[in-house]
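Just so you know, these numbers use all the heavy atoms, side chains as well, and skip hydrogens, waters and symmetry mates.
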Amino acid sequence: MAKRSKQYSFHLNLNNPDHLKIYRTLEDLNTDIHKSVSNFVIKAVIQYINDASRASLTKSGKNEKENLEGYVTRQELSEAKLQIKADVMKEVAQLFGNAAMNTQQVVTPALMQQMMQMIPENAEQKKNSDKPEEEAEPTDAALEEMSVLFAQGNFGEE
């Protein structure tokens with residue numbers, strides 16, 4: 001069975017105080033306690049790895065940390081904005097519908113016409129997003145029909 005090992009080498013700049021400290025420690029290493037310089041360096045590196053966070057040591061740790069923190073892309077933000085706008089428009093239309101049922105003259109045809117113009121703009125923006133059409137949320141047909149009836153003044157006459 002072949003031994004599996006990997007060799008690393010590093011250079012110490014003796015003009016650098018930290019490097020000089022490492023050099024002096026390795027040269028004067030107590031081999032009664034530590035089997036070899038290599039064994040000492042391995043234990044020191046393991047100790048450092050155990051004490052430090054994975055995110056600060058490795059590329060994969062950094063990527064995991066970024067994913068956990070949940071950065072939001074511009075596209076995700078834009079999609080959320082469009083979804084919120086669509087939800088608000090739907091709720092406003094429902095509120096207008098409820099108000100019209102209670103008092104028939106609160107919602108004027110001109111106001112409903114403005115609502116009708118805003119809904120297609122929102123639907124147009126959604127269609128232009130990068131989502132495939134199958135994933136795009138279908139338009140609420142009942143809401144559109146109610147809006148048309150409001151705009152024509154025929155709501156409740158079905």
Got a sec, which residues hit side-chain hydrogen bond (donor to acceptor under 3.5 Å, both in side chains) with Ser5, two or more places apart in sequence or on another chain?
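Ser5 satisfies side-chain hydrogen bond (donor to acceptor under 3.5 Å, both in side chains) with no residue once adjacent residues are dropped.
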
Cluster check [X], [Y]: I/L/V/M/F/W/Y, side chain < 4.5 angstrom:
X: Tyr8; Y: Leu29; value: no
X: Val37; Y: Ile42; value: no
X: Ile33; Y: Leu26; value: no
X: Ile22; Y: Ile46; value: no

Judged by modelled atom types alone, do Glu79 and Gln75 share a side-chain donor-acceptor pair under 3.5 Å?
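There is such a pair between these side chains.
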
Restricting to pairs with a member in residues 9-24, which pass side chain to side chain donor-acceptor pair (under 3.5 Å), not counting sequence neighbours?
none

Any chance you could measure Asn39, atom CG, to Lys43, atom NZ, to the nearest 0.5 Å?
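Between Asn39 CG and Lys43 NZ, I get 5.0 Å after rounding to 0.5 Å.
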
Can you tell me how far apart CD1 (Ile84) and CE (Met89) are? Round to the nearest 0.5 Å.
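That separation rounds to 14.5 Å.
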
